[in-house]
Amino acid sequence: MASDFWAGYLSGALGIIIGNPLDVIKVRLQAGDGHTAASPTHLSRLEKATSLVRGAAAPILGYGALNAILFVAYNRTLTSLDNSIADPTNPTGVSPYKIWLAGAAGGLASWTISSPTEFIKCRAQLDPRAEVSSWAVAKDIIRTRGWRGLYFGGGITSARDAIGYGFYFWSYELCKRFMISDDDGTYQSAMNILLCGGIAGVVTWGSVFPLDVIKTRLQAQTIGDHGQVSESQALLGRRKLSSFQIAKETYRAEGVKAFYRGLGVCSVRAFIVNAVQWAAYEWLMKSFNQLVPPHKVKTIYMNIPKARSG
(Lines give C-alpha, C1' and ligand atoms only; values in the text may rest on other atoms or scores of the structure.)
Protein backbone atom coordinates (compact mmCIF):
# COMPACT_ATOMS: atom_id res chain seq x y z
CA MET A 1 0.00 0.00 0.00
CA ALA A 2 2.98 2.31 0.53
CA SER A 3 3.63 2.10 -3.20
CA ASP A 4 0.09 3.33 -3.95
CA PHE A 5 0.43 6.14 -1.46
CA TRP A 6 3.70 7.61 -2.66
CA ALA A 7 2.99 7.09 -6.36
CA GLY A 8 -0.36 8.82 -5.88
CA TYR A 9 1.10 11.62 -3.78
CA LEU A 10 3.94 12.49 -6.14
CA SER A 11 1.85 12.24 -9.31
CA GLY A 12 -0.90 14.37 -7.74
CA ALA A 13 1.50 17.13 -6.69
CA LEU A 14 3.05 17.11 -10.18
CA GLY A 15 -0.40 17.46 -11.75
CA ILE A 16 -1.26 20.52 -9.67
CA ILE A 17 2.03 22.25 -10.50
CA ILE A 18 1.34 21.80 -14.21
CA GLY A 19 -2.37 22.60 -14.18
CA ASN A 20 -2.81 25.45 -11.68
CA PRO A 21 -2.53 28.37 -14.18
CA LEU A 22 -5.41 27.03 -16.28
CA ASP A 23 -7.34 26.19 -13.13
CA VAL A 24 -7.24 29.87 -12.09
CA ILE A 25 -8.88 30.82 -15.39
CA LYS A 26 -11.46 28.03 -15.08
CA VAL A 27 -12.52 29.06 -11.56
CA ARG A 28 -12.87 32.74 -12.50
CA LEU A 29 -14.96 31.89 -15.55
CA GLN A 30 -17.24 29.73 -13.39
CA ALA A 31 -17.73 32.41 -10.75
CA GLY A 32 -18.33 35.28 -13.19
CA ASP A 33 -21.53 36.42 -14.82
CA GLY A 34 -20.49 35.57 -18.35
CA HIS A 35 -19.55 39.12 -19.37
CA THR A 36 -16.93 40.65 -17.12
CA ALA A 37 -15.42 37.28 -16.28
CA ALA A 38 -14.66 36.41 -19.88
CA SER A 39 -13.58 39.84 -21.03
CA PRO A 40 -9.98 40.62 -22.04
CA THR A 41 -9.79 43.19 -19.24
CA HIS A 42 -10.72 40.59 -16.65
CA LEU A 43 -8.37 37.94 -18.01
CA SER A 44 -5.52 40.45 -18.17
CA ARG A 45 -5.29 40.07 -14.40
CA LEU A 46 -3.85 36.63 -15.07
CA GLU A 47 -0.82 37.92 -16.95
CA LYS A 48 1.44 38.12 -13.91
CA ALA A 49 3.12 34.85 -12.98
CA THR A 50 2.15 35.38 -9.33
CA SER A 51 -1.51 35.46 -10.37
CA LEU A 52 -1.19 32.26 -12.38
CA VAL A 53 0.08 30.32 -9.37
CA ARG A 54 -2.38 31.91 -6.95
CA GLY A 55 -3.88 29.33 -4.64
CA ALA A 56 -1.36 26.66 -5.64
CA ALA A 57 0.23 26.10 -2.22
CA ALA A 58 -2.81 24.43 -0.65
CA PRO A 59 -3.51 22.17 -3.66
CA ILE A 60 0.14 21.09 -4.05
CA LEU A 61 0.23 19.88 -0.46
CA GLY A 62 -3.41 18.88 -0.22
CA TYR A 63 -3.87 17.28 -3.63
CA GLY A 64 -0.79 15.15 -3.20
CA ALA A 65 -2.34 13.69 -0.04
CA LEU A 66 -5.76 13.54 -1.74
CA ASN A 67 -4.37 11.60 -4.69
CA ALA A 68 -2.55 9.23 -2.36
CA ILE A 69 -5.75 8.46 -0.43
CA LEU A 70 -7.69 8.21 -3.70
CA PHE A 71 -5.47 5.54 -5.23
CA VAL A 72 -5.07 3.55 -2.02
CA ALA A 73 -8.85 3.56 -1.42
CA TYR A 74 -9.53 2.68 -5.06
CA ASN A 75 -7.11 -0.26 -5.08
CA ARG A 76 -8.32 -1.50 -1.68
CA THR A 77 -12.00 -1.28 -2.68
CA LEU A 78 -11.37 -3.01 -6.00
CA THR A 79 -9.71 -5.99 -4.31
CA SER A 80 -12.66 -6.18 -1.90
CA LEU A 81 -15.14 -6.22 -4.78
CA ASP A 82 -13.16 -8.83 -6.71
CA ASN A 83 -10.68 -10.85 -4.65
CA SER A 84 -9.41 -12.65 -7.74
CA ILE A 85 -7.34 -9.60 -8.69
CA ALA A 86 -3.63 -10.38 -8.45
CA ASP A 87 -2.55 -6.76 -9.00
CA PRO A 88 -5.13 -4.00 -8.32
CA THR A 89 -3.12 -1.53 -10.39
CA ASN A 90 -3.74 -3.71 -13.46
CA PRO A 91 -7.37 -4.95 -13.19
CA THR A 92 -7.52 -6.93 -16.42
CA GLY A 93 -10.88 -8.62 -16.87
CA VAL A 94 -12.59 -6.82 -13.99
CA SER A 95 -16.14 -5.67 -14.71
CA PRO A 96 -16.32 -1.93 -15.60
CA TYR A 97 -19.06 -1.31 -13.04
CA LYS A 98 -16.79 -2.59 -10.26
CA ILE A 99 -14.09 -0.22 -11.45
CA TRP A 100 -16.62 2.65 -11.36
CA LEU A 101 -17.76 1.73 -7.84
CA ALA A 102 -14.17 1.49 -6.62
CA GLY A 103 -13.41 4.89 -8.14
CA ALA A 104 -16.48 6.40 -6.47
CA ALA A 105 -15.40 4.93 -3.14
CA GLY A 106 -11.94 6.41 -3.66
CA GLY A 107 -13.50 9.80 -4.36
CA LEU A 108 -15.53 9.66 -1.15
CA ALA A 109 -12.48 8.60 0.85
CA SER A 110 -10.50 11.57 -0.46
CA TRP A 111 -13.25 14.02 0.59
CA THR A 112 -11.62 14.80 3.94
CA ILE A 113 -8.73 16.36 2.02
CA SER A 114 -10.47 17.62 -1.11
CA SER A 115 -13.18 19.64 0.64
CA PRO A 116 -10.94 22.08 2.59
CA THR A 117 -8.33 22.12 -0.19
CA GLU A 118 -10.91 23.05 -2.82
CA PHE A 119 -12.44 25.74 -0.60
CA ILE A 120 -9.08 27.38 0.13
CA LYS A 121 -8.03 27.17 -3.53
CA CYS A 122 -11.29 28.66 -4.76
CA ARG A 123 -11.16 31.52 -2.27
CA ALA A 124 -7.52 32.29 -3.05
CA GLN A 125 -8.13 32.37 -6.79
CA LEU A 126 -11.18 34.62 -6.57
CA ASP A 127 -10.19 36.87 -3.68
CA PRO A 128 -10.02 40.54 -4.82
CA ARG A 129 -7.22 41.32 -2.38
CA ALA A 130 -3.83 41.51 -4.09
CA GLU A 131 -1.31 38.69 -3.66
CA VAL A 132 -3.39 36.78 -1.13
CA SER A 133 -1.83 33.44 -0.14
CA SER A 134 -3.46 30.11 0.58
CA TRP A 135 -2.33 30.36 4.19
CA ALA A 136 -3.90 33.81 4.58
CA VAL A 137 -7.15 32.51 3.12
CA ALA A 138 -7.14 29.48 5.45
CA LYS A 139 -6.63 31.71 8.49
CA ASP A 140 -9.36 34.04 7.28
CA ILE A 141 -11.81 31.14 6.93
CA ILE A 142 -11.00 29.80 10.40
CA ARG A 143 -11.31 33.28 11.91
CA THR A 144 -14.70 34.02 10.35
CA ARG A 145 -16.26 30.53 10.17
CA GLY A 146 -14.30 28.36 12.61
CA TRP A 147 -12.50 25.10 11.87
CA ARG A 148 -15.70 23.53 10.56
CA GLY A 149 -15.84 26.34 8.03
CA LEU A 150 -13.02 24.68 6.08
CA TYR A 151 -15.62 22.11 4.99
CA PHE A 152 -18.10 24.66 3.68
CA GLY A 153 -19.55 23.22 0.47
CA GLY A 154 -18.49 19.73 1.50
CA GLY A 155 -21.77 18.11 0.42
CA ILE A 156 -21.57 19.19 -3.22
CA THR A 157 -17.82 18.50 -3.22
CA SER A 158 -18.34 14.90 -2.07
CA ALA A 159 -21.01 14.32 -4.73
CA ARG A 160 -18.74 15.76 -7.42
CA ASP A 161 -15.79 13.65 -6.29
CA ALA A 162 -17.69 10.37 -6.02
CA ILE A 163 -19.28 10.68 -9.46
CA GLY A 164 -16.22 12.18 -11.11
CA TYR A 165 -13.67 9.69 -9.82
CA GLY A 166 -16.00 6.82 -10.69
CA PHE A 167 -15.82 7.92 -14.32
CA TYR A 168 -12.12 8.75 -13.93
CA PHE A 169 -10.97 5.19 -13.28
CA TRP A 170 -13.70 3.67 -15.46
CA SER A 171 -12.74 5.67 -18.56
CA TYR A 172 -9.00 5.20 -18.02
CA GLU A 173 -9.22 1.43 -17.70
CA LEU A 174 -11.57 1.05 -20.67
CA CYS A 175 -9.31 3.24 -22.79
CA LYS A 176 -6.27 1.17 -21.82
CA ARG A 177 -8.01 -2.07 -22.72
CA PHE A 178 -8.96 -0.67 -26.09
CA MET A 179 -5.61 0.89 -26.99
CA ILE A 180 -2.83 -1.01 -25.24
CA SER A 181 -1.91 -4.55 -26.24
CA ASP A 182 0.67 -6.87 -24.73
CA ASP A 183 2.96 -6.50 -27.74
CA ASP A 184 3.09 -2.68 -27.61
CA GLY A 185 6.58 -1.24 -27.67
CA THR A 186 7.75 0.86 -24.74
CA TYR A 187 7.40 4.15 -26.64
CA GLN A 188 3.97 3.27 -28.05
CA SER A 189 2.75 2.09 -24.66
CA ALA A 190 3.92 5.32 -23.01
CA MET A 191 2.14 7.42 -25.63
CA ASN A 192 -1.04 5.38 -25.17
CA ILE A 193 -0.91 5.88 -21.40
CA LEU A 194 -0.58 9.64 -21.92
CA LEU A 195 -3.54 9.61 -24.29
CA CYS A 196 -5.69 7.43 -22.02
CA GLY A 197 -4.88 9.61 -19.02
CA GLY A 198 -5.82 12.74 -20.95
CA ILE A 199 -9.09 11.22 -22.15
CA ALA A 200 -9.95 10.11 -18.61
CA GLY A 201 -9.45 13.65 -17.36
CA VAL A 202 -11.75 15.13 -20.01
CA VAL A 203 -14.45 12.48 -19.43
CA THR A 204 -14.30 13.08 -15.68
CA TRP A 205 -14.81 16.82 -15.88
CA GLY A 206 -17.46 16.49 -18.56
CA SER A 207 -19.46 14.26 -16.20
CA VAL A 208 -19.41 16.63 -13.21
CA PHE A 209 -18.78 20.14 -14.55
CA PRO A 210 -22.23 21.53 -13.62
CA LEU A 211 -21.66 20.34 -10.04
CA ASP A 212 -18.26 22.04 -10.02
CA VAL A 213 -19.79 25.32 -11.22
CA ILE A 214 -22.33 25.20 -8.39
CA LYS A 215 -19.57 24.37 -5.89
CA THR A 216 -17.45 27.30 -7.09
CA ARG A 217 -20.33 29.77 -6.83
CA LEU A 218 -21.37 28.42 -3.44
CA GLN A 219 -17.87 28.87 -2.01
CA ALA A 220 -17.32 32.22 -3.75
CA GLN A 221 -20.14 33.71 -1.67
CA THR A 222 -17.97 33.55 1.45
CA ILE A 223 -15.43 36.02 0.05
CA GLY A 224 -17.81 38.69 1.33
CA ASP A 225 -17.17 37.48 4.89
CA HIS A 226 -14.26 39.92 5.21
CA GLY A 227 -16.15 42.85 3.73
CA GLN A 228 -15.52 42.43 -0.01
CA VAL A 229 -18.25 41.47 -2.50
CA SER A 230 -17.46 38.62 -4.89
CA GLU A 231 -18.61 38.47 -8.49
CA SER A 232 -20.79 35.50 -7.60
CA GLN A 233 -22.52 37.54 -4.91
CA ALA A 234 -23.01 40.40 -7.33
CA LEU A 235 -24.81 37.96 -9.62
CA LEU A 236 -26.85 36.13 -7.01
CA GLY A 237 -27.31 38.89 -4.45
CA ARG A 238 -25.77 39.52 -1.04
CA ARG A 239 -27.68 36.73 0.71
CA LYS A 240 -26.00 33.34 1.08
CA LEU A 241 -27.65 30.66 -1.02
CA SER A 242 -27.58 26.86 -0.76
CA SER A 243 -26.39 24.61 -3.58
CA PHE A 244 -29.95 24.01 -4.78
CA GLN A 245 -30.77 27.72 -4.62
CA ILE A 246 -27.63 28.60 -6.57
CA ALA A 247 -28.47 26.03 -9.25
CA LYS A 248 -32.01 27.39 -9.53
CA GLU A 249 -31.00 31.07 -9.59
CA THR A 250 -28.13 30.49 -12.02
CA TYR A 251 -30.41 28.64 -14.43
CA ARG A 252 -33.07 31.36 -14.15
CA ALA A 253 -30.58 34.19 -14.75
CA GLU A 254 -28.22 32.63 -17.32
CA GLY A 255 -29.68 29.39 -18.60
CA VAL A 256 -28.02 26.03 -19.11
CA LYS A 257 -24.88 27.52 -20.70
CA ALA A 258 -23.81 28.91 -17.32
CA PHE A 259 -23.24 25.38 -16.02
CA TYR A 260 -20.69 24.72 -18.76
CA ARG A 261 -18.86 28.07 -18.77
CA GLY A 262 -15.13 27.33 -18.56
CA LEU A 263 -15.47 23.72 -19.73
CA GLY A 264 -13.20 24.35 -22.73
CA VAL A 265 -10.35 25.67 -20.58
CA CYS A 266 -10.99 22.94 -18.03
CA SER A 267 -10.86 20.21 -20.72
CA VAL A 268 -7.49 21.43 -22.00
CA ARG A 269 -6.17 21.53 -18.45
CA ALA A 270 -7.67 18.12 -17.62
CA PHE A 271 -6.12 16.46 -20.66
CA ILE A 272 -2.63 17.82 -19.97
CA VAL A 273 -2.67 17.29 -16.21
CA ASN A 274 -4.12 13.80 -16.22
CA ALA A 275 -1.95 12.62 -19.11
CA VAL A 276 1.14 13.54 -17.11
CA GLN A 277 -0.35 12.39 -13.82
CA TRP A 278 -1.28 8.91 -15.04
CA ALA A 279 2.05 8.51 -16.82
CA ALA A 280 3.85 9.48 -13.60
CA TYR A 281 1.70 7.13 -11.52
CA GLU A 282 2.22 4.18 -13.87
CA TRP A 283 5.97 4.79 -14.03
CA LEU A 284 6.28 5.12 -10.25
CA MET A 285 4.22 1.98 -9.63
CA LYS A 286 6.33 0.06 -12.14
CA SER A 287 9.47 1.23 -10.34
CA PHE A 288 8.04 0.30 -6.93
CA ASN A 289 6.91 -3.11 -8.21
CA GLN A 290 10.48 -3.88 -9.16
CA LEU A 291 11.20 -3.63 -5.44
CA VAL A 292 8.00 -5.49 -4.48
CA PRO A 293 7.35 -8.19 -7.13
CA PRO A 294 3.79 -8.18 -8.57
CA HIS A 295 3.06 -11.73 -7.33
CA LYS A 296 3.43 -10.43 -3.76
CA VAL A 297 0.97 -7.58 -4.22
CA LYS A 298 -2.10 -9.78 -3.77
CA THR A 299 -0.66 -11.23 -0.57
CA ILE A 300 -0.09 -7.74 0.81
CA TYR A 301 -3.65 -6.64 0.04
CA MET A 302 -5.28 -9.85 1.23
CA ASN A 303 -3.53 -9.55 4.60
CA ILE A 304 -5.01 -6.11 5.25
CA PRO A 305 -7.84 -6.61 7.79
CA LYS A 306 -11.26 -6.18 6.21
CA ALA A 307 -14.07 -4.30 7.89
CA ARG A 308 -16.68 -6.63 9.39
CA SER A 309 -20.09 -6.58 7.82
CA GLY A 310 -23.28 -6.43 9.84
Side-chain angles (χ1 to χ4, degrees), residues 3-4 6-19 22 63 67-68 70-79 81-82 84-107 110 161-209 263-290 293-295 297-298 301:
S3 299
D4 304 37
W6 289 112
Y9 192 100
L10 294 173
S11 62
L14 177 61
I16 283 294
I17 292 172
I18 294 172
L22 288 174
Y63 195 70
N67 218 47
L70 170 68
F71 278 94
V72 170
Y74 165 76
N75 290 335
R76 180 69 177 89
T77 302
L78 197 58
T79 56
L81 292 173
D82 191 335
S84 66
I85 300 174
D87 180 1
T89 62
N90 187 27
T92 303
V94 178
S95 174
Y97 89 88
K98 290 183 179 180
I99 292 174
W100 192 95
L101 288 175
S110 66
D161 287 353
I163 297 170
Y165 282 120
F167 283 109
Y168 185 59
F169 288 98
W170 174 83
S171 58
Y172 180 72
E173 290 299 332
L174 289 187
C175 186
K176 276 181 64 179
R177 293 177 188 182
F178 178 75
M179 296 188 64
I180 300 177
S181 61
D182 293 336
D183 58 351
D184 276 345
T186 302
Y187 174 77
Q188 184 180 358
S189 179
M191 293 302 295
N192 286 339
I193 288 174
L194 286 168
L195 182 58
C196 289
I199 291 173
V202 174
V203 169
T204 299
W205 279 107
S207 69
V208 296
F209 201 77
L263 180 58
V265 171
C266 182
S267 296
V268 173
R269 172 190 177 274
F271 188 93
I272 297 171
V273 169
N274 289 283
V276 173
Q277 189 168 290
W278 269 113
Y281 178 79
E282 293 273 9
W283 180 81
L284 287 166
M285 287 302 298
K286 183 177 180 180
S287 299
F288 290 143
N289 283 338
Q290 290 177 350
H295 69 273
V297 175
K298 182 176 180 179
Y301 275 84

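- Ring geometry for F169 against Y74 counts as parallel: the plane angle stays under 30°, on a 0 to 90° scale with 60° as the upper cut.
- Under the rule for a side chain to side chain contact (heavy atoms under 4.5 Å, CB included), the partners of A200 that lie at least two apart in sequence or sit in another chain are Y168, S171, Y172, W278.
- Partners of A105 by side chain to side chain contact (heavy atoms under 4.5 Å, CB included), not counting sequence neighbours, listed by chain and number: T77.
- Partners of A7 according to the side chain to side chain contact (heavy atoms under 4.5 Å, CB included) rule, which considers only residues two or more places apart in sequence or in another chain, are Y281, L284, M285, F288.
- In terms of heavy atoms, P91 sits closest to I99 at CG-CD1, 4.4 Å.
- The shortest heavy-atom contact between L194 and A279 is CD2-CB, 3.6 Å.
- Across every non-hydrogen atom of M179 and C196, the tightest pair is SD-SG, 3.8 Å.
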Evaluate Q277 against L14 for side chain to side chain contact (heavy atoms under 4.5 Å, CB included), listing each step before the verdict.
CA-CA 7 Å; Q277 189 168 290; L14 177 61; over 6 Å; no
Could you go step by step and tell me if I193 and S189 meet the side chain to side chain contact (heavy atoms under 4.5 Å, CB included) rule?
CA-CA 6 Å; I193 288 174; S189 179; 4.2 Å; yes
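- Atom CD1 of I199 is separated from atom CG of N192 by 9.5 Å, given to the nearest 0.5 angstrom.
- Considering only residues two or more places apart in sequence or on other chains, E282 meets the salt bridge (Lys or Arg N to Asp or Glu O under 4.0 Å) condition with K176.
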For F209 and C266, run side chain to side chain contact (heavy atoms under 4.5 Å, CB included): C-alpha distance rounded to whole Å, both residues' side-chain angles, the deciding distance at 0.1 Å, then the answer.
CA-CA 9 Å; F209 201 77; C266 182; 3.6 Å; yes
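- Here the closest heavy-atom approach between residue L195 and residue F271 is recorded as CD1-CZ, 3.8 Å.
- Remark: side-chain polar atoms of N67 are paired, donor with acceptor, to backbone N or O of G8 under 3.5 angstrom.
- With rounding to the nearest 0.5 Å, the separation of CZ in F71 from OG in S110 is 10.5 Å.
- For the atom pair OH of Y97 and CG of L81, the computed distance is 7.5 Å after rounding to the nearest 0.5 Å.
- For F167, the ring pair (Phe, Tyr, Trp, His ring centres under 6.0 Å) criterion is met by W100, W170, not counting sequence neighbours.
- In terms of the side chain to side chain contact (heavy atoms under 4.5 Å, CB included) criterion, residue partners of A73 (sequence neighbours excluded) are, by chain and number, A109.
- Among all heavy-atom pairs drawn from L174 and P96, the shortest one is CD2-CG, 3.9 Å.
- Shown here for N274 and G197, the closest heavy-atom pair between the two residues is CB-O, 3.2 Å.
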